[in-house]
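Working notes, structure below.
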Protein chains: 2
Amino acid sequence: MIRVILVDDERLVRSGLRMILDSAEDVEVVGEAGDGAEAVELAARVEPDVALLDIRMPGTDGLTAAAALADLPRPPKVVLLTTFDLDEYVHRALRAGAVGFLLKDTPPRDLIAAVRTIAEGNAMLAPSITKRMLERFAASGTGAAAAAAQRLSVLSERERDVLVAVAKGMSNAEAGRGLGMREATVKAHVSSILAKLGLSNRVQAAILAHDAGWA
Amino acid sequence: MIRVILVDDERLVRSGLRMILDSAEDVEVVGEAGDGAEAVELAARVEPDVALLDIRMPGTDGLTAAAALADLPRPPKVVLLTTFDLDEYVHRALRAGAVGFLLKDTPPRDLIAAVRTIAEGNAMLAPSITKRMLERFAASGTGAAAAAAQRLSVLSERERDVLVAVAKGMSNAEAGRGLGMREATVKAHVSSILAKLGLSNRVQAAILAHDAGWA
DNA sequence: CGGGGCCGCCCCGGCTGGCGGCGGCCCGTG
DNA sequence: CACGGGCCGCCGCCAGCCGGGGCGGCCCCG
């Protein structure tokens with residue numbers, strides 16, 4: 001059962017959301033709050049899996065509340081709900097650790113699906129927001145990552161596994177346990193990686209992998 | 001009516017997709033291709049709204065084809081379809097201009113919804129990919145960098161110098177030459193750094209420094 | 001003067017990286 | 001088909017580097 005709390009200053013909106021979510025058998029609305037401060041207090045008490053927050057609220061707004069919720073001992077997955085998908089909101093929300101951002105015109109079926117997706121540990125954005133994120137993503141910042149990924153393309157399958165482990169800061173022995181091979185084998189792979197990439201030690205390899213987004 | 005082409009080297013997969021999509025009244029499959037080259041030729045002829053491409057194909061793969069499709073006079077919206085959501089694929093795909101990236105285990109209902117979303121000019125990613133994009137997004141801002149810098153603030157001046165050298169992939173001896181101190185001294189500083197930061201080896205320290213923008 | 005923090009150095013056990021070697025798989029060739 | 005070469009994954013050995021602990025000198029501050 002997915003436990004959800006609803007946070008919106010308008011009682012009517014909360015009722016509507018509750019009706020939609022209660023129609024799903026695996027979702028249970030376990031509390032409601034009218035502003036951000038109440039939301040944090042409520043979440044601390046009932047420890048929900050998911051918190052649906054309106055952004056615009058009197059008093060503590062949804063973005064501030066999202067950051068506060070992230071500091072709870074057992075933080076809920078935070079989804080922000082708004083009428084307008086302003087870029088600035090989206091940025092602040094994601095920075096605050098939100099894993100969902102939906103528009104209030106989302107169809108009921110999609111809202112339920114989104115809650116399930118979030119509860120499973122994944123993320124869900126409104127399609128229009130996804131599009132703008134992709135544009136930003138494609139436009140900026142991927143240069144170094146792409147170059148790194150290119151260099152790493154010469155590695156074999158097993159070497160990639162080993163490199164990921166190395167890039168996480170594991171020792172050869174730890175990597176061996178994680179990948180089900182002897183430490184001696186891990187070391188051989190590491191040597192091969194260094195040779196193929198023209199590097200001289202594992203730190204350089206780890207950073208390259210890090211740049212490529214492998215860890 | 002949304003006009004779609006299917007590109008996959010396995011006829012069975014294409015048939016399955018066609019059956020799913022044909023069950024939607026507003027979607028029409030107007031062509032199929034077995035590899036990337038065929039796909040480009042087909043798209044140029046039938047000018048579909050959406051192209052569903054498998055990534056792994058013999059000959060011209062889906063990523064290469066996606067880039068070629070973007071150069072057509074009336075380019076289709078490109079959606080990539082794959083079994084594994086490797087970061088490297090996602091990066092290349094989005095840079096190639098794809099507006100969708102789905103896993104082959106996507107439920108039929110969601111696939112149809114995704115096609116509609118794409119056709120409307122929005123974007124659609126598999127939830128697991130959305131999540132990783134968000135993590136990267138939140139980290140790319142000064143979020144993680146600030147957290148890393150915070151942790152590094154306990155280091156002394158000389159320890160910072162040593163950490164920068166380590167983060168560049170230098171050995172202790174090299175760092176010693178660069179900083180004008182004995183290798184033994186560098187090693188002592190590295191030990192102190194690891195102790196202060198609660199890490200167990202230099203790779204972890206290097207990555208932390210890297211995240212903080214020190215190298 | 002005593003104590004704490006920082007810097008520099010040495011010794012030692014364990015880990016890392018280089019080298020050689022083994023078997024299995026794929027593929028082009030005779 | 002046989003066979004040989006290349007690549008991959010796997011392993012053992014050895015020199016050298018890394019990380020931990022301990023020691024002394026310097027400066028600052030109480």
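The chains referred to below are lettered A, B, ... by the order of the sequence lines, with proteins before strands, and numbering in each begins at 1. Being a predicted model, the structure only gives us computed values, none of them experimental.
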For [Y], is there an ion pair with [X] - N to carboxylate O distance below 4.0 angstrom?
| X | Y | answer |
| --- | --- | --- |
| B:Arg14 | B:Asp54 | no |
| B:Asp26 | B:Arg116 | yes |
| A:Arg74 | A:Asp49 | yes |
| B:Glu159 | B:Lys196 | yes |
| A:Arg45 | A:Glu41 | yes |

[X] [atom1] to [N] [atom2], straight-line distance once rounded to whole Å:
| X | N | atom1 | atom2 | result |
| --- | --- | --- | --- | --- |
| B:Arg182 | D:dC17 | CZ | C1' | 18 Å |
| A:Leu179 | D:dC11 | CG | P | 12 Å |
| B:His189 | D:dG19 | NE2 | P | 14 Å |
| B:Met170 | D:dC18 | CE | P | 13 Å |
| A:Asn172 | D:dC18 | CG | C1' | 12 Å |

- [ ] Hey, could you give me the OG/CG distance between B:Ser156 and B:Leu163, rounded to the nearest 0.5 Å?
- [x] 10.5 Å
- [ ] To the nearest 0.5 Å, tell me how far A:Asp35 CG sits from A:Glu38 CD.
- [x] 4.5 Å
Task: Options D:dC11, D:dG9, D:dG19, nucleotide nearest the side-chain atoms of B:Val190 - done: D:dG19
Open item on the list: Nearest to the side chain of A:Glu159, heavy atoms from C-beta on, is which of D:dG9, D:dG12, D:dG19?
Closed with: D:dG9
TODO: Taking heavy atoms of chain A and a 4.0 Å limit, find me the 5'-most and 3'-most nucleotide of DNA chain C within that range.
DONE: C:dT16 to C:dG18
Task: Touch class at under 4.0 angstrom, heavy-atom based, for A:Ser191 against every strand present - done: base
- [ ] Answer with base, sugar-phosphate or nothing: what part of the nucleic acid does A:Glu183 contact at a heavy-atom distance below 4.0 Å?
- [x] base
Task: Any donor-acceptor pair under 3.5 Å from A:Glu47 side chain to A:Ala43 backbone - done: no
Open item on the list: Counting neighbours of CZ on B:Arg182 that are heavy atoms of other residues, nucleotides or ligands and sit closer than 6.0 Å, is the number greater than 12?
Closed with: no
Open item on the list: Measuring to OP1 and OP2 of D:dC17, would you say a side-chain N or O of B:Ser171 lies under 4.0 angstrom away?
Closed with: no
Open item on the list: Let's see if you get this right: which residues in residues 198-209 of chain A place a heavy atom under 4.0 Å from DNA chain C?
Closed with: A:Asn201, A:Arg202
